[in-house]
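Chain identifiers are assigned alphabetically (A, B, ...) following the order of the sequence lines, protein sequences preceding nucleic acid strands; residue numbering begins at 1 within each chain.
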Protein chains: 2
Amino acid sequence: MAQTTEHASRSSCPLACTLDVIGDHWSLLVIRDLMFLGRHEYKDMLNAEEGISTNILSDRLKRLEAGGLIDSIPHPESGRRKLYYLLPKGKDLVHVLTHMARWANQHLSPLVRIPPEKRALLVNKPDKLIEITLQQLDEWEKQFLKKKNKKG
Amino acid sequence: MAQTTEHASRSSCPLACTLDVIGDHWSLLVIRDLMFLGRHEYKDMLNAEEGISTNILSDRLKRLEAGGLIDSIPHPESGRRKLYYLLPKGKDLVHVLTHMARWANQHLSPLVRIPPEKRALLVNKPDKLIEITLQQLDEWEKQFLKKKNKKG
DNA sequence: TTTTACTACTTGCGAAATGCAAGTAAATGG
DNA sequence: CCATTTACTTGCATTTCGCAAGTAGTAAAA
């Protein structure tokens, strides 16, 4: 149960404790990449439109790994590549992220672009969207983690 | 629709846009204070156990105000005091925060202290907890904002 | 009335985090 | 073998945060 951030909290408030783990700009974007966008490699996350720096990406992956939210395996096709994936602790943030996306759709909409089918689900059936998301993560795992029951 | 953070996003992703507004450690704690803990004054937030600095608190209040999430009025009893409160845009973050609290309860529980009645609601009836929270905010507003329909 | 205390900030400066761009080591691919 | 890819690491400038003192306005106490 490592406390992985420089804001080692003096608080026992649940929200403060959560923010100690994921309360910075970049950590949640990394989790977003893994959860919704199928970005499992360092270079994929690095090339996302938000423009994270290499040192920050590396640092955040380390922290999330240390906190038990993500893990990684060597890529099955290449020894120089690496695949990151969400552990259950990380997956359980799907509700937080989904409600954030709903909030953005409601309050920041001129800035936000969501594909229409996704937007429809997000607005009308958020639970269904969550379910679909988690299923897709399951399928990814079946494909890539099936050979080793590693922290599955 | 001001973009109030240094991370002016190059992204149209809803999550990235949300994190541009509230994706730092302190902003969500300010919103938590207003939403769940009845801390409506600067000095109350300053004295919370997380230990925010005066300049950061002042800065975050300004940003949240500029982003339309909160507003303030003079305290009815004293010209040197000030009351901050959530606008609808800020209140709509109740779902995000509630799910964060649930996540903490599930995954960070040795660190987290939640009063038993609240924990029961959080775990079993989160929607009820949200409803109660919003009602309490309504009542606060009826008491303090009733004299001026100010951005109510 | 004057003095003291409270309130919401502001400020100066050191510490910490972030961002940029170049560099490095290991594993391919040609 | 050389060139490219991949996942980082590093040096340094910039930005943000944290600490503590300071400020201006509004009471409250003497």
Candidate nucleotides D/dT6, C/dA8, C/dT18, ranked by approach to the side chain of B/K43 - the nearest: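 The answer is C/dA8.
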Closest to side chain of B/Y42, choosing from D/dC8, C/dA8, D/dA7: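 Of the candidates, C/dA8 comes closest.
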Do any side-chain nitrogens or oxygens of [X] fall under 4.0 Å of OP1 or OP2 in [N]?
X	N	value
A/K82	D/dA7	no
B/K62	C/dT10	yes
B/W26	D/dT16	no

Closest-nucleotide 5' rank along DNA chain C - winner of A/S78 and B/Y84: B/Y84
Figure out the [atom1]/[atom2] separation between [X] and [N], and round it to whole Å.
X	N	atom1	atom2	value
B/R39	C/dT7	CZ	C1'	18 Å
A/H75	C/dA26	NE2	C1'	17 Å
B/R60	C/dT10	CZ	P	14 Å
B/L57	C/dA8	CG	C1'	9 Å
B/D59	D/dG18	CG	P	11 Å
A/I52	C/dC20	CD1	P	11 Å
B/N47	C/dC6	CG	P	12 Å
A/I56	D/dT15	CD1	P	15 Å

Straight-line distance of A/E41 CD to A/H75 NE2, nearest 0.5 Å: 4.5 Å
Hphob cluster co-occupancy, B/I132 + B/V123, side-chain heavy atoms under 4.5 angstrom: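 Hydrophobic grouping puts B/I132 apart from B/V123.
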Check ion pair B/D44-B/R39 (N to O, under 4.0 angstrom): no
salt_bridge(A/K142, A/D138) N-O dist < 4.0 Å: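 So A/K142 does not pair with A/D138 through a salt bridge.
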Check this for me: does the side-chain of [X] come within 3.5 Å of the base of [N] through a donor and an acceptor?
X	N	answer
A/T54	D/dT9	yes
A/R80	D/dT6	no
B/R81	C/dT7	no

Touch class at under 4.0 angstrom, heavy-atom based, for B/N55 against every strand present: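 Base contact.
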Partners passing salt bridge (charged side-chain N to carboxylate O under 4.0 Å, His left out) against B/E131 (at least two apart in sequence or in another chain):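 For B/E131, the residues satisfying salt bridge (charged side-chain N to carboxylate O under 4.0 Å, His left out) (neighbours in sequence not counted) are B/K128.
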